[in-house]
Amino acid sequence: METLLESAATRAHYIAIWRWLVFFVFAALAITLLPLPKIVSLALVFGIALIKAAMVMRDYMHLKSEKLIIHAIALIPILLFIGLMLTLIPDIALHR
Amino acid sequence: MNATAHAAVRAVNDDAFKEIAPGRIALWWFLASEIMVFGGFITCYVLFRYAHGGWEDAARHVNWRLGALNTLVLLTSSLTMILAHYSVKAGDRQGVKTFLGLTIALGLTFLIIKGVEYHAEFAEGFTPLSGLFWSFYFLMTGLHGLHLLAGIVINTSLLVMALRGTIWARGDRVELGGLYWHFVDVVWIFLFPLLYLT
Amino acid sequence: MLSWLPQNISTFGGDVDHLFRIIYYITGVWFVAAELLLLYFLVRYHKSRRAKSVYVRGNGAQSAWVLVPVLVVLVLDLSIDKVGGEVWNRIKIDLPPAGDVVHITGKQFNWEFTYPGPDGKFGTADDQTIENELHVPAGTVVRFELTSNDVIHSFFIPTLRLKQDAMPGRRIKGWFEATQPGTYEIACAELCGFGHYSMHGVLTVHSAQDYRKWVQSRWGAPQTAAK
Amino acid sequence: MGAKPLGRAANRGQIGKGNTEVATATPAEIKIGPTHEEHPGFWRSYVFSVDHKVIGKQYLGLSLFMALIGGAAAYLIRWQLAWPETYVPGWGYVEPQQYNAIITMHGTIMIFFVAMPFVLGAFGNYLIPLMVGADDMAFPRLNMMSFWTLAAGSTVLIASFFVPAGPASGGWTAYAPLSARPIYTGVTWGQNLWIVAVAIEFASFLMGGINFLTTALNLRAPGMTLWRLPMLVWMELIAAVLFLLSVGPLIAGSFMLLLDRVAGTGFFVPDKGGDPLLWQHLFWFFGHPEVYVVGLPGFGIMMEIIPVFSRKPLYGYKTIVWGSLAAGVLSFVVWAHHMFVSGMDPRLATPFSITTILISVPFAIMVFSMLATLWGGRIELTTPMLFAVGGLATFIIGGVTGIFLGSAGLDVYLHGTYFVVAHFHYTLMPMVFFGGFAGLYYWFPKMFGRMMNETLGKVHFFFTFICFNCVFIPLFMAGVAGNPRRIYELSSYDFLKPAQHLHVIATIATLGLLAGQVPFVINFFMSMWKGREAGRNPWLANTLEWCTDSPPPHGNFSEPVMVYRDPYEYGNPDAPKDWMAQNEPPAEPAPQPQAGGLRLKGTGTV
């Protein structure tokens with residue numbers, strides 16, 4: 001299906017993604033060491049985690065070439081548990 | 001069966017689901033349920049952490065250096081896993097064996113490092129009973145470790161198939177095993193900042 | 001059905017009963033209509049009276065036969081929501097200014113009522129804790145703080161139309177105002193162990209005068225308690 | 001399991017397990033199609049079968065067996081409530097602690113080990129592949145595993161009756177901290193085993209649900225578009241998705257609860273920093289969708305049966321599908337209505353109250369559509385039809401009483417009373433038992449090749465219908481009188497004394513309800529051996545399962561199936577007869593172009 005040239009490009013792409021992932025690990029570590037306000041550092045660290053997860057899912061789990069239905073299957077539970085978390089904030093996190 | 005009827009059937013038969021291999025769609029449903037399980041843990045952890053101050057002190061005792069090292073190990077194992085899948089597609093039989101072997105080795109490395117961490121923490125007196133942070137820490141990393149172990153078992157069986165030469169008829173298995181492996185990696189991507197970096 | 005409601009002795013109990021009646025009549029009409037329709041169809045369209053069925057698929061414009069009644073249901077739903085929301089706000093959210101305050105603690109398998117005593121402050125020497133007996137004056141807002149020592153209990157006084165779970169680790173505020181003197185039962189409405197069924201207390205609503213007498217009998221002090 | 005040749009099951013895609021067996025598969029074996037196993041042997045045919053029809057029957061057997069235990073528990077509960085502290089025939093005296101254990105097990109068994117295996121396990125497994133025109137489930141061996149996992153879970157649950165200190169007694173909701181520490185109930189291993197059993201059950205239905213989804217989405221016969229799926233398949237699909245998406249947090253929670261009990265962590269124990277309310281949230285985030293998981297398939301069964309015996313298309317097929325999808329979505333945002341007085345933030349109550357009451361809208365769509373299907377029909381009151389319309393009639397009561405409880409202001413009073421008990425029995429019994437029995441009478445000919453006896457069936461129905469209503473109508477009244485549920489002895493409260501005779505009525509009716517099941521048992525076994533031969537399509541129904549033999553052979557269809565039309569084409573004036581099977585090709589020579597065009601339009605667009 002794939003020509004040799006394309007597959008060589010695919011392989012290089014996988015490795016490039018890995019380089020980015022490694023870079024982001026170090027970036028996250030660097031951010032925690034910087035004297036940033038807590039909220040900023042949290043936002044940055046979790047933003048980086050989101051980017052990393054998105055890269056793995058998009059490229060390694062092939063979401064970028066999947067059909068809409070697979071995207072929905074992956075996305076709906078994520079939205080659901082985040083919704084659960086947000087709904088419970090007044091009750092569990094702030095009740096005291 | 002007449003031709004017009006046949007054509008009428010074919011005409012209404014184009015929906016998206018059938019074009020996805022059953023194994024892949026089933027695995028994604030499975031991952032969806034796994035997202036909800038880990039999502040449940042993360043929800044509880046975040047809410048509790050928000051409710052109780054003072055978890056930072058506990059969190060300072062986890063070894064972020066080993067955690068970061070483990071993150072690198074797991075990310076690299078994801079690379080070797082995807083390269084194994086790539087080798088299947090490229091018809092590179094030796095590559096499949098090499099990369100599956102590497103993935104398994106990296107997975108085991110992760111577990112060993114995790115074991116070293118647990119050992120050090122127990123030696124310092126931190127157990128799952130040393131407070132809610134530690135309960136969550138051991139529960140979530142332990143469960144993640146079990147998932148990784150399951151992944152190692154799956155990859156080992158794939159490797160055995162590759163060594164016996166029987167994998168080529170069922171090449172999609174490597175992709176399915178890989179989806180699961182990457183998912184375990186993604187879970188760790190979030191556990192690492194949640195437990196080590198905040 | 002409605003006649004089974006127990007006597008109401010609280011200021012907000014009437015609202016609850018009113019809400020009950022509204023929902024009862026709205027749903028009652030729908031219930032009777034649906035069941036009669038079902039029965040009518042079963043008789044009217046029984047095969048002994050019919051040679052052939054009507055061919056309708058209920059799509060497009062025909063779906064109005066379903067969607068229009070559903071729209072009516074929706075409107076009724078929202079009006080029930082409105083009334084119900086007001087009742088809820090009155091009972092659980094908009095707490096009126098405090099009259100007397102009492103701390104209620106559930107434990108396996110008793111209710112403990114702690115009064116602040118004449119000084120009106122908790123945590124002082126004149127606090128008194130009474131097991132399973134709650135004494136309140138009629139016509140006064142009583143504020144309570146509810147908690148539990150062990151498991152979840154539920155503080156339930158049917159005649160007040162009041163129910164609130166007692167949750168260990170939380171102090172839940174609430175209120176009621178009783179209108180009629182008398183003695184009434186307090187129940188536990190949340191399974192709390194093998195003695196759950198026997199976890200009952202007595203609410204005594206005194207007239208203002210009697211309440212003063214009761215306070216004197218407990219604390220012996222001439223001045224009014226709990227202000 | 002012996003050295004049997006691997007069936008086609010082993011060669012189909014399967015996740016996780018079974019990789020080594022596939023080692024023997026050559027590409028030639030991988031083609032899909034019925035390759036009948038020659039002599040599978042007893043164990044492979046009846047016990048560790050991978051045939052979805054056998055597995056469906058296994059689920060049926062398991063659920064009916066567990067229903068016996070659940071029913072026995074109901075008998076003990078009712079006897080104690082009507083005639084407290086008297087000798088219960090066949091058991092003895094019921095102690096307070098025992099009483100709590102019995103109500104806990106009654107709820108757990110009925111929801112998790114009866115309702116789910118019955119309407120999902122039995123009907124889903126048996127019918128989904130047949131109805132979509134597939135030769136088996138997508139992953140037959142996963143299917144077998146999910147049944148045996150459930151059987152293991154049931155065994156663990158039953159084992160908990162026999163451990164020291166008895167079975168779990170913290171209610172089927174297992175509210176922490178009552179369930180989180182042994183000292184509060186005195187129950188030790190019983191509660192641990194309860195958690196394990198329920199967790200195993202979750203795993204089983206996760207596997208089952210994934211199989212349902214993949215089968216119904218991927219293995220549909222040519223022409224079987226989503227808009228031509230029989231309604232039962234839709235309902236099983238929605239149920240599977242709801243279960244899959246809601247159970248995760250509770251699985252996490254049950255791990256935490258188990259650790260609280262056995263290791264001494266404090267996730268749900270307040271004095272160790274935990275929060276009991278979190279358990280309730282996790283439980284009901286799952287618990288409410290779970291109601292629809294066990295409820296919707298029962299509705300699906302009714303929607304299969306009502307058109308057949310009205311000889312009319314199901315009214316508003318698409319409206320119903322959209323309505324049930326909406327109900328599924330809404331079910332994720334209503335859970336806190338179980339917790340209005342639990343001490344959660346009171347400001348959450350009104351939004352949850354609104355969503356809860358709004359859920360009456362999609363259910364009104366379904367109920368009205370079924371009523372509209374009856375309108376203008378040619379109704380035949382066979383036993384399955386009686387159970388279907390009887391279930392509809394009783395469900396209406398369950399539905400309208402939900403409005404009372406969904407309204408937060410009124411729930412302050414009604415929460416935790418017998419009103420709640422009566423309400424959920426009025427929703428679950430119609431959907432699970434009335435729907436389930438309707439389905440059983442309807443598909444029995446397909447499952448066993450013989451008809452069930454109509455007279456016994458009608459006796460069963462009228463006994464069940466009348467007695468059921470006589471049990472729970474009085475309990476509504478007891479609830480209005482303020483009678484809290486889970487009370488061992490009502491006479492301990494003075495204000496409940498007037499309600500005592502309601503409980504006597506309910507108990508006598510319960511005895512009648514239980515006795516009313518005897519004709520069913522007799523009928524079931526007698527018909528299996530001695531019933532009238534059914535033939536392929538005794539009810540003249542359209543869906544695909546009726547176009548194959550009764551019972552269907554291994555591989556379901558002897559020739560490939562093609563689907564040309566909607567599942568409910570009854571009484572079409574264009575057709576020569578009053579039904580048109582889904583796989584019946586359109587008339588061969590299209591005489592006039594317009595007529596042919598019309599036919600295609602009538603069947604192609606829904």
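Below, chains carry the letters A, B, ... as their sequence lines are ordered, and counting in each starts from 1.
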Between C:Gln62 and D:Tyr315: side-chain donor-acceptor atoms closer than 3.5 Å: no
Proximity breakdown for C:Ile172 and chain D, heavy-atom pairs closer than 4.5 Å: side chain
Any donor-acceptor N or O pair under 3.5 Å, side chains C:Asp165, D:Ser342: no
Contact origin within C:Ala166 toward chain D - heavy atom pairs under 4.5 Å: neither
Within the 6.0 Å centroid threshold, strictly below: C:His196 and D:Tyr488: no
Heavy-atom closest pair, residues D:Gln280 and C:Ile152: NE2-CD1, 3.2 Å
Interface moiety of C:Met1 toward chain D, non-hydrogen atoms closer than 4.5 Å: both
pair D:Ile403-C:Asp77: side-chain heavy atoms closer than 4.5 Å: yes
C:Val87 side chain reached by D:Leu410 side chain, heavy atoms, under 4.5 Å: no
Centroid separation C:Tyr40 to D:Trp375 less than 6.0 Å: no
CD1-OH distance between C:Ile186 and D:Tyr493, expressed to the nearest 0.5 angstrom: 9.5 Å
Portion of C:Asn89 that has a non-hydrogen atom of chain D nearer than 4.5 angstrom: side chain
Audit row: C:Arg170, D:Asp275, salt bridge (Lys or Arg N to Asp or Glu O under 4.0 Å) steps and yes/no: CA-CA 9 Å; C:Arg170 286 173 193 238; D:Asp275 197 334; 2.7 Å; yes
Ring geometry between C:Trp88 and D:Phe340 (parallel below 30°, tilted from 30 to 60°, perpendicular above 60°): tilted
Separation between CD of C:Glu190 and OH of D:Tyr175, rounded to the nearest 0.5 Å: 6.0 Å
Contact winner vs chain C - D:Tyr570, D:Tyr99, D:Phe495, D:Tyr184, heavy-atom pairs under 4.5 Å: D:Tyr184
